[in-house]
Amino acid sequence: MATSRLLGRQLPRYFHCQIPAGALPRLSQPRIQTQSIARRGYASSISAAELKFGQPLHETHPHLLGPGELTPGITALEYAHRRSRLANRLPKHAVAVLAAAEVTYQAPAIFNEYRQDSNFFYLTGFNEPNALTIIVNDGSGDNHLFHLYTREKDPKAELWDGARSGTQAAMDVFNADETGDIERISDILPKVLRDATEIYTDIPAVTPGRSSLHRFLYGPTGASESLKKLVDPGRVKPLRPILNEMRAFKSEEEVVQLRRVGQAAGRAFTEAMRHTFTKERDLASFLEYNFKINGCDGKAFVPVVAGGSNALSIHYTRNDDVLNDGDMVLVDGGGEMGTYISDITRTFPVNGKFSDPQRDLYNAVLNVHRSCVALCRESAGLSLDRLHGVAETGLKDQLKQLGFDVSGDAVRTLFPHHLGHYIGLDVHDIPGYSRGYNLKAGQCITIEPGIYVPDDDRWPAKFRGIGIRIEDSVCVGDDNPIVLTTEAVKEVDDIEALRD
């Protein structure tokens with residue numbers, strides 16, 4: 001975002017940049033706006049620390065967020081830059097429309113843990129349901145308009161469901177130019193959409209919820225029909241491809257946050273490898289506990305804790321079996337911190353000591369893992385798909401040395417999944433973004449070669465029933481990769497030394 005845009009507007013004090021004295025309203029003095037549509041205005045003398053918001057802020061939770069951060073590790077200025085970049089990718093007077101994720105329920109009145117839609121979060125940092133954002137290319141160069149429509153504050157509802165940020169915080173905290181009560185979205189949205197030259201949105205792909213927003217957008221006939229009533233369908237374009245191109249390249253702040261969560265999760269893995277467990281679920285619980293005490297908000301996904309031959313199932317998540325002395329256990333998990341995730345897999349002996357066949361097969365996978373991580377640099381000129389081919393060739397060579405018959409489809413049978421995927425706000429980040437593009441500096445991926453040997457006469461007997469995968473989260477560099485999860489030990493000697 002250009003400096004001229006910043007200087008021309010009142011901004012919350014999350015924006016730490018050179019702005020003339022008096023140009024900023026004080027975040028410690030927000031006012032509560034009760035109009036259906038509001039623009040920036042004056043502030044009262046209410047302290048932000050005395051108010052309740054729908055998510056942590058630095059003023060209310062300084063132990064979680066630093067000065068200037070809107071969400072952990074990411075500043076309000078970073079979010080504004082993202083919106084500006086998106087607006088600049090849109091045609092003049094076009095708009096992007098995104099809806100917040102809805103609350104889902106395990107049973108009536110029993111809600112699941114809330115997880116914001118990643119694209120909505122990427123552009124706003126707003127972490128509440130029943131909200132809508134519109135980003136407008138207003139045709140004036142670097143300028144754009146940011147609408148954020150939210151639930152209004154409601155003491156009765158907040159008594160049951162916790163604090164809401166409200167419409168005034170949409171401006172004073174999240175830096176919206178225009179806001180309003182989401183309950184009145186049917187009065188607000190038609191004019192905004194009718195004035196747009198083109199509308200970029202993925203809302204028709206969202207599962208309908210119970211909110212007033214979705215009742216309006218979907219109606220009885222579905223989202224696409226509701227949108228057709230508002231605008232010419234020919235003016236509606238998919239937004240995801242544009243956001244995928246943006247999210248594929250991480251900012252410096254994002255890389256730092258991914259390194260932070262990778263470090264915390266890596267330490268949790270290493271701590272888990274120090275202990276002997278007799279049940280998969282005990283190991284899974286210990287790992288999640290250590291994610292949290294190392295600073296993560298929780299686990300990024302349901303982990304795989306697969307003892308013995310359970311490791312032959314790539315996405316084994318039952319985690320309800322026993323761990324037998326002499327077997328190995330494959331653990332695929334990760335932590336989440338400020339919605340950014342880590343993804344790690346380690347395979348280690350239940351009793352802490354590798355048998356000779358386990359060591360040989362493990363080192364075969366580890367050698368390929370090292371080679372592929374070293375190629376995670378822009379100067380290598382490789383895509384994830386081409387790196388996968390490098391991994392297949394490397395595994396074929398390693399397995400041949402161990403006495404495997406690697407003719408025909410052997411490697412694809414023993415290594416049935418892809419070498420890696422993009423990571424960021426999601427475990428499998430930016431869905432639909434091709435793994436065929438050459439990797440560029442600033443992209444973050446996983447590298448996870450594996451070998452899974454079925455109990456079949458085709459394979460050497462001493463390796464049958466063993467499944468091994470080794471995975472790290474990696475940031476692609478110009479000439480050198482940055483391993484984001486290096487705290488999770490993976491050398492044979494280091495793993496065995498943890499029990500000494």
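- Judged as a ring-ring contact (aromatic ring centres under 6.0 Å, His included), and not counting sequence neighbours, Phe269 has no contacts.
- Remark: side-chain polar atoms of Thr60 are paired, donor with acceptor, to backbone N or O of Leu57 under 3.5 angstrom.
- In the displayed structure, Lys353 atom NZ is contacted under 6.0 Å by more than 12 heavy atoms of other residues, nucleotides or ligands.
- Taking the ring centre of Phe348 as origin, the terminal cationic atom of Arg346 falls outside the region bounded by 6.0 Å and 45° from the ring axis.
- No side-chain N or O of Glu128 forms a donor-acceptor pair with one of Thr150 less than 3.5 Å apart.
- For His388, the ring-ring contact (aromatic ring centres under 6.0 Å, His included) partners are Phe415, His418, not counting sequence neighbours.
- Side chain of Asp117 to backbone of Ala100: no donor-acceptor contact under 3.5 angstrom is found.
- Side-chain contact of Tyr122 with Thr339: a donor-acceptor pair under 3.5 Å is absent, judged by distance alone.
- Judged as a side chain to side chain donor-acceptor pair (under 3.5 Å), and not counting sequence neighbours, Arg281 has no contacts.
- Between Ala87 and Ile135, the shortest heavy-atom distance links the atoms CB-CG2, 4.2 Å.
- Side-chain polar atoms of Tyr316 and Glu280 form a donor-acceptor pair below 3.5 angstrom.
- With contacts defined as side-chain heavy-atom distances shorter than 4.5 Å, the pair Leu419/Pro449 qualifies.
- In this model, no donor atom of one side chain and acceptor atom of the other lie less than 3.5 Å apart for Asn88 and His144.
- Atoms CD1 and CZ, from Ile430 and Phe249 in turn, are 8.5 Å apart once rounded to the nearest 0.5 Å.
- Side-chain contact annotation: His369 with Asp472, donor-acceptor N/O pair under 3.5 Å present.
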Could you pull out all donor-acceptor pairs under 3.5 Å where a side-chain atom in residues 452-467 meets a protein atom, sequence neighbours excluded?
| unit_1 | atom_1 | unit_2 | atom_2 | d |
| --- | --- | --- | --- | --- |
| Tyr452 | OH | His417 | NE2 | 2.7 |
| Tyr452 | OH | Arg469 | NH1 | 2.7 |
| Asp456 | OD1 | Arg458 | N | 2.8 |
| Arg458 | NH1 | Asp409 | OD1 | 3.4 |
| Arg458 | NH2 | Ser407 | O | 3.2 |
| Arg458 | NH2 | Asp409 | OD1 | 3.4 |
| Arg464 | NE | Asp456 | O | 3.0 |
| Arg464 | NE | Trp459 | O | 2.9 |
| Arg464 | NH2 | Trp459 | O | 3.0 |

Under the criterion side chain to side chain contact (heavy atoms under 4.5 Å, CB included), I'd like the reasoning laid out for Thr124 against Phe174: C-alpha separation, chi angles, the key distance, then a yes or no.
CA-CA 7 Å; Thr124 67; Phe174 297 92; 5.6 Å; no
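- With hydrogens and angles ignored, the 3.5 Å screen pairs a side-chain donor or acceptor of Ser165 with a backbone N or O of Gly54.
- Here the side chains of Leu239 and Leu86 are in contact, with some heavy-atom distance below 4.5 Å.
- Distance check, rounded to the nearest 0.5 Å: OG1 of Thr104 to CD of Glu113 gives 10.0 Å.
- The shortest side-chain heavy-atom distance between Leu395 and Leu414 does not fall under the 4.5 Å cut-off.
- For the pairing with Glu496, the salt bridge (Lys or Arg N to Asp or Glu O under 4.0 Å) check across Arg359, Lys490, Arg274 returns one residue only, Arg359.
- Shown here for Cys376 and Pro481, the closest heavy-atom pair between the two residues is O-CB, 3.3 Å.
- Neither side chain, Ser383 nor Asn438, offers a donor N or O lying under 3.5 Å from an acceptor on the other.
- Note on Arg82 versus Glu78: salt bridge recorded, some NZ/NE/NH1/NH2 to OD/OE distance being below 4.0 Å.
- Within the 4.5 Å cutoff, side-chain heavy atoms of Met328 are placed close to those of Ile468.
- When side chains are defined from C-beta on, Val368 does not count as touching Asp397, because their heavy atoms never get closer than 4.5 Å.
- Counting heavy atoms from C-beta on, the side chains of Leu387 and Leu375 come closer than 4.5 Å.
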For Ile341 and Asp426, run side chain to side chain contact (heavy atoms under 4.5 Å, CB included): C-alpha distance rounded to whole Å, both residues' side-chain angles, the deciding distance at 0.1 Å, then the answer.
CA-CA 7 Å; Ile341 64 92; Asp426 294 308; over 6 Å; no
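- Side-chain contact of Asp343 with Thr446: a donor-acceptor pair under 3.5 Å is absent, judged by distance alone.
- If you take CG on Leu425 and OG on Ser118, they are separated by 5.0 Å, rounding to the nearest 0.5 Å.
- Checked against ring-ring contact (aromatic ring centres under 6.0 Å, His included), Tyr422 has the following partners two or more places apart in sequence or in another chain: Tyr433.
- In the model, Ser251 has no side-chain atom that pairs as donor or acceptor with a side-chain atom of Glu253 under 3.5 Å.
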Report the C-alpha distance between Tyr105 and Ile110 in whole Å, list the side-chain angles of each, state the deciding distance to 0.1 Å, and finish with yes or no for side chain to side chain contact (heavy atoms under 4.5 Å, CB included).
CA-CA 6 Å; Tyr105 292 85; Ile110 306 299; 5.8 Å; no
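- Using a 3.5 Å distance cut-off with no hydrogens or angles, the side chains of Gln263 and Arg260 do not pair a donor with an acceptor.
- Side chain to side chain, Arg247 and Asn119 meet the donor-acceptor criterion of an N or O pair below 3.5 Å.
- To the nearest 0.5 Å, atom CG of residue Asp325 and atom OG1 of residue Thr278 are 11.0 Å apart.
- With ring centers used as reference points, Phe121 lies 6.0 Å or more from Phe126.
- A salt bridge does not link Asp202 with Lys237: none of the charged nitrogens is closer than 4.0 Å to a carboxylate oxygen.
- Among residues two or more places apart in sequence or in another chain, the ring-ring contact (aromatic ring centres under 6.0 Å, His included) test is passed with Tyr200 by none.
- Side-chain N or O atoms of Arg89 include none that pairs as donor or acceptor with a backbone N or O of Glu245 at under 3.5 Å.
- Contact annotation: the side chain of Asn480 never approaches that of Arg377 to less than 4.5 Å [non-hydrogen atoms, C-beta and beyond].
- Of the possible donor and acceptor atoms, one in the side chain of Thr270 sits under 3.5 Å from a partner among the backbone N and O of Val489.
- Judged by distance alone, with hydrogens and angles left aside, the side-chain atoms of His58 form no donor-acceptor pair with the main-chain N or O of Glu69 at under 3.5 Å.
- Remark: the backbone N or O of Ile344 is not paired with any side-chain donor or acceptor of Glu448 at under 3.5 angstrom.
- With respect to the salt-bridge test (charged N to carboxylate O, under 4.0 angstrom), the residues Glu392 and Arg412 qualify.
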Can you check side chain to side chain contact (heavy atoms under 4.5 Å, CB included) on Ile74 and Glu254, steps first, answer last?
CA-CA 7 Å; Ile74 309 296; Glu254 288 183 288; 4.2 Å; yes
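- Proximity of a side-chain donor or acceptor of Thr485 to a complementary backbone N or O of Gly266 within less than 3.5 Å is not detected.
- Salt bridge absent: Arg235 and Glu198 never bring a charged side-chain N and a carboxylate O closer than 4.0 Å.
- With hydrogens and angles disregarded, no donor-acceptor distance shorter than 3.5 Å links the side chain of Asp332 to the backbone of Pro303.
- Between Arg240 and Pro431, some side-chain heavy-atom pair lies under the 4.5 Å cut-off.
- Evaluated for a side-chain contact (heavy atoms from CB on, under 4.5 Å) with Val304, the options Val331, Leu330, Thr345 yield exactly one hit, Leu330.
- No donor-acceptor distance shorter than 3.5 angstrom exists from the side chain of Ser342 to the backbone of Gly334, with no hydrogens or angles considered.
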